[in-house]
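For ligands, and for the atoms within them, numbers begin at 1 and follow the listed sequence. These numbers were taken from a predicted model, which means no experiment stands behind them.
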Amino acid sequence: MAMESDLQQTISLPGEANTSPLTHPGVISVVHNEQYRLEQELEERVRQLEGIFEAMTDGLIVYDREGRVLQTNTAAERLLAMNNQNISYYQRSVRERAPFYTVRDEHGQLLTAEQGPVMRVLKGEKLTSENAMDIQVSTPDGREIQLSVNCSPLHDQTGQFVGAVCIYHDVTERRANELALRVANQRMDEFLSMASHELRTPLTTIKASIQLARRRVASSLQEIVSENDTQYSKLVEMQAILDRAERQVNMQNRLIDDLLEVSRIQAHKLTLHLKECDLATIVREAVEDQRATMPHHTIQLELSVTEPVMLSVDADRIQQVLTNYLTNACKYSPADHPIVVRLQVKGEYICVCVHDEGPGLPPEEQAQVWERFYRVQGIEAKNGSTVGLGLGLPICRAIIEQHQGQVGVESTPGIGSTFWFALPLTGK
Ligand code: ADP
């Protein structure tokens with residue numbers, strides 16, 4: 001703007017009609033001023049950019065089209081120990097620099113200079129965001145580092161390829177933590193698998209013994225003629241004790257089953273027995289079973305389909321998922337608030353929802369409940385056992401995902417929750 005108005009003023013100078021305005025001394029001075037201003041602006045921009053480069057914690061290197069280093073920031077020099085090199089390092093091409101570093105891919109496979117990120121981008125590839133390249137580097141000062149490298153080609157104003165810019169993000173610590181976590185998880189899975197097998201064996205014997213004792217008590221009761229016999233009341237009391245013991249053993253068995261199931265899932269050993277089944281029938285049966293187990297709850301069923309919904313699924317597993325949703329709904333919501341089960345087609349999916357008027361879940365908990373061993377603090381079971389390991393929902397998710405489906409929950413604290421799963425109709 002300043003340039004245009006200065007120029008107009010100069011052109012309209014009186015008595016200068018025969019002189020070309022562009023050769024007029026006033027014009028030359030304006031042009032010089034303008035050039036000076038642009039240079040100043042340019043210098044300012046360069047200073048700003050240098051400031052940004054230096055403030056970056058990631059290493060940044062600008063290369064020319066041969067892969068020679070044009071510019072670096074301090075972070076790059078520190079990360080790659082570039083100050084260990086003599087100055088001619090900067091004039092060397094990528095291939096000539098290769099002996100200074102040993103570079104491997106994320107699996108530890110040695111990379112040649114051609115396979116490294118700089119050469120790849122100089123040959124026209126773009127290594128950004130999801131294409132970022134993970135490498136392991138042995139630096140000249142003897143460090144082993146892991147880098148995530150983003151590289152983009154650089155072009156001049158005319159679109160000519162002039163080089164590349166690479167950003168080196170140090171992920172050494174993150175990768176070490178990930179590895180430690182993987183190892184710890186693997187150890188825990190091995191332990192769970194072993195512990196649940198070991199726990200189950202004596203429990204099977206205990207359960208068999210309880211059942212035998214119950215049968216003996218029942219037959220002794222039949223032999224007693226009068227209910228007034230003192231033996232009779234003792235045997236009835238014993239029967240109640242054995243009933244309680246069996247219930248506890250069943251609960252223990254369920255927890256161990258969950259542990260075993262989760263070990264199988266972690267080891268990718270969860271097998272499905274797929275068969276063409278009607279999903280509406282599976283849902284109806286699961287609801288009827290739950291009504292029988294929890295007679296105090298009202299469970300409404302809304303099937304928005306009239307025809308059978310034939311899908312290739314493992315019926316027992318799908319029923320297991322729905323039963324888990326229903327058990328949780330009954331467990332966490334008051335008995336006088338209805339639970340509604342819906343079956344509806346949504347696009348290419350058939351969706352089963354279980355809605356309750358329980359405590360609901362805050363948004364941050366809604367994703368967490370699908371993680372292993374996660375239990376929401378401060379939510380009390382209204383009915384049934386409070387015992388749980390936080391494994392039911394992760395098992396549901398694994399089962400549904402193995403059917404190529406999806407799970408989810410929509411919930412408002414204080415209002416209620418809708419746990420759902422969706423199975424693809426296309427796979428039927
Ligand atoms: P658990 O067997 O311990 O109940 P789940 O994996 O089935 O484990 O559930 C994980 C947690 O999610 C539960 O401990 C509970 O806090 C929460 N939760 C599950 N279902 C509901 C529900 N319908 N309403 C409120 N909270 C729920």
Per-atom contacts, ligand 1 versus [X] - under 4.0 Å to a heavy atom:
X: Leu391; answer: 6 (O), 8 (O)
X: Asp356; answer: 22 (C), 23 (N)
X: Ser417; answer: 24 (N)
X: Tyr374; answer: 10 (C), 11 (C)
X: Val376; answer: 14 (O), 16 (O), 17 (C)
X: Pro394; answer: 6 (O)

Reference residue Glu261; test salt bridge (Lys or Arg N to Asp or Glu O under 4.0 Å); the match among Arg254, Arg317, Lys269: Arg317

Using side-chain heavy atoms (C-beta onward) and a distance below 4.5 Å, is Arg97 in contact with Val69? yes

Tell me whether ligand 1 is touched by Phe419 - counting only heavy atoms on the residue side and a distance under 4.0 Å. yes

Is Gly358 near ligand 1, meaning one of its heavy atoms is under 4.0 Å from it? no

Would you mind telling me if ligand 1 is within reach of the side chain of [X], the backbone, both or neither, using heavy atoms under 4.0 Å?
X: Leu361; value: side chain
X: Lys331; value: side chain
X: Asn324; value: side chain

All disulfide bond (SG atoms under 2.5 Å apart) counterparts of Cys151, not counting sequence neighbours: Cys166

Could you tell me the separation between the OG atom of Ser152 and the NZ atom of Lys126, rounded to the nearest 0.5 Å? 5.0 Å

If you take all heavy atoms of Trp370 and Leu393, which pair is closest and at what distance? CE3-O, 3.6 Å

CA sep, side-chain torsions, deciding dist, call: Glu178, Arg175, salt bridge (charged side-chain N to carboxylate O under 4.0 Å, His left out): CA-CA 5 Å; Glu178 284 167 2; Arg175 296 284 182 265; 3.4 Å; yes

Donor-acceptor check, side chain of Thr298 to backbone of Pro338, threshold 3.5 angstrom: yes or no? no

By side-chain contact (heavy atoms from CB on, under 4.5 Å), Cys396 pairs with (sequence neighbours left out) Val321, Asn324, Tyr325

